[in-house]
There are 2 protein chains.
Amino acid sequence: MSDLQTISEIKKCPVQYVLAINDTLNVISGKWKLPILASILYGNHRYKDIQANIDKITPRMLSKELKELELNGVIIRNVYDSTPVRIEYKMTESGKNILSVLDAMVDWGVSHRKSTL
Amino acid sequence: MSDLQTISEIKKCPVQYVLAINDTLNVISGKWKLPILASILYGNHRYKDIQANIDKITPRMLSKELKELELNGVIIRNVYDSTPVRIEYKMTESGKNILSVLDAMVDWGVSHRKSTL
DNA sequence: AATATCGCTATACTTTTGTATAGTTAAAGT
DNA sequence: ACTTTAACTATACAAAAGTATAGCGATATT
């Protein structure tokens with residue numbers, strides 16, 4: 001992959017792509033979003049379970065982030081009309097696909113660490 | 001080959017996985033990192049050119065972020081001993097590879113937008 | 001000699017993000 | 001009846017990130 005090739009490719013990059021990158025970045029940035037997503041993906045679906053699974057997170061931040069993730073269509077909040085009411089947070093289909101982004105991040109992060117040794 | 005093997009091994013190890021993702025996230029998060037990287041990739045290498053290319057960025061933020069990107073091994077700052085002194089910021093090899101992460105982010109962002117219509 | 005350009009730094013400030021701590025409602029267990 | 005658990009909300013505060021504005025030292029241009 002030559003430099004000139006890369007640059008010309010980038011010059012073709014439409015506005016939509018920039019928007020898409022920003023969407024993705026918004027979904028995963030902040031101190032708690034990845035830990036929360038990881039915990040849900042790992043199998044924790046209830047508020048208390050997620051809270052217990054993430055060290056030092058406050059209820060305020062957990063609520064706030066869960067709401068934002070729901071609003072962004074990454075997770076879904078299910079209320080089960082049992083007694084007592086049970087609430088479960090689960091990844092949406094689209095949310096599950098974010099693993100591909102995390103994979104790319106792992107790959108880059110690992111090889112970058114090696115390169116800076 | 002043994003590299004790929006190692007990467008997949010590390011993916012099984014939660015701690016390394018998390019560290020690598022955090023490294024990557026730190027490199028790209030914040031308001032100005034992506035615009036700066038994009039501008040450099042686009043062909044702007046000098047301070048004033050990057051500044052002129054990015055709307056509303058202040059010199060303070062540009063300096064701060066350039067320093068951080070350099071410290072993180074994503075870009076390199078070259079001082080050319082000419083008169084006047086010329087300074088050029090360029091992507092490191094590792095820095096260029098971050099395009100693969102951006103690609104994954106575009107893909108997810110685009111398909112996620114479609115899914116939430 | 002005066003002005004402009006490059007590559008920044010300095011200081012003060014505002015906004016956003018995250019923390020600490022306490023309280024609420026409803027139901028369940030003891 | 002009393003305590004415990006789930007799933008949160010409310011208020012106040014601190015820290016981090018970003019903005020606004022001014023200026024500096026060296027060279028170059030007019």
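Naming convention: chains lettered A, B, ... in sequence-line order (proteins, then strands); numbering from 1 in each chain.
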Enumerate donor-acceptor pairs with a distance under 3.5 Å from any side-chain N or O in residues 51-58 of chain A to protein atoms, sequence neighbours excluded.
residue, atom, partner, partner atom, Å
A/Asn53, OD1, A/Ser39, OG, 2.7
A/Thr58, OG1, A/Met61, N, 3.4

Pairs in or reaching into residues 91-117 of chain B: which pass ring pair (Phe, Tyr, Trp, His ring centres under 6.0 Å), with residues at least two apart or in two chains?
B/Trp108-B/His112

If you look only at pairs with a residue in residues 34-89 of chain A, which of them pass as a ring pair (Phe, Tyr, Trp, His ring centres under 6.0 Å), with sequence neighbours excluded?
none

Quick one: does [X]'s side chain have a donor or acceptor within less than 3.5 Å of a partner on [Y]'s backbone?
| X | Y | value |
| --- | --- | --- |
| A/Ser63 | A/Arg60 | no |
| A/Thr92 | A/Ile76 | no |
| A/Ser82 | A/Val85 | no |
| A/Ser94 | B/Ser115 | no |

For a quick test of reading the model, state the closest non-hydrogen atom pair linking A/Leu41 to A/Met91 and the distance between them.
CD2-CG, 3.8 Å

Going 5' to 3' along DNA chain D, which are the first and last nucleotides with any atom under 4.0 Å from a heavy atom of chain B?
D/dG18 to D/dA28

Dump the intermediate steps for side chain to side chain contact (heavy atoms under 4.5 Å, CB included) on B/Leu69 and B/Lys33, then the final yes or no.
CA-CA 8 Å; B/Leu69 289 167; B/Lys33 299 242 180 69; 3.8 Å; yes

Please walk me through it: do A/Ile40 and A/Asn44 pass side chain to side chain contact (heavy atoms under 4.5 Å, CB included)?
CA-CA 5 Å; A/Ile40 295 172; A/Asn44 297 116; 5.8 Å; no

Is B/Ser63 near enough to C/dC8 that one of its side-chain N or O atoms lies under 4.0 angstrom from OP1 or OP2?
no

Taking DNA chain D as the partner, which of residues 65-88 of chain B come within under 4.0 angstrom of it by heavy atom?
B/Thr83, B/Pro84

Please list, by residue number, the residues of residues 21-35 of chain A whose heavy atoms come closer than 4.0 Å to an atom of DNA chain D; answer none if no residue qualifies.
none

Measure [atom1]/[X] against [atom2]/[N] and give the value in whole Å, please.
| X | N | atom1 | atom2 | answer |
| --- | --- | --- | --- | --- |
| A/Met61 | C/dT16 | CE | C1' | 11 Å |
| A/Asp55 | C/dA20 | CG | P | 12 Å |
| A/Gln51 | C/dT21 | CD | P | 15 Å |
| B/Leu62 | C/dT9 | CG | C1' | 13 Å |
| A/Ile57 | C/dG18 | CD1 | P | 10 Å |

Taking side chain as C-beta onward, heavy atoms only, is A/Arg46 less than 4.5 Å from A/Ile87?
no

Listed partners of [X] passing salt bridge (charged side-chain N to carboxylate O under 4.0 Å, His left out), at least two apart:
| X | answer |
| --- | --- |
| A/Lys96 | A/Glu93 |
| B/Lys90 | B/Glu88 |
| A/Arg113 | B/Asp23 |

Are B/Ile75 and B/Val79 connected in the hydrophobic side-chain network, where two residues link if heavy atoms are under 4.5 Å apart?
yes

In residues 25-32 of chain A, what donor-acceptor pairs under 3.5 Å come from side-chain atoms, sequence neighbours left out?
residue, atom, partner, partner atom, Å
A/Asn26, ND2, A/Asn22, O, 3.3
A/Ser29, OG, A/Leu25, O, 2.8

Distances under 3.5 Å only, N/O to N/O: pair up the protein atoms with those of nucleotides 10-13 of chain C.
residue, atom, partner, partner atom, Å
C/dT11, O4, B/Arg60, NE, 3.3

Within residues 40-49 of chain A, find the residues that approach DNA chain C with a heavy atom at under 4.0 Å, and present them sorted by residue number.
none

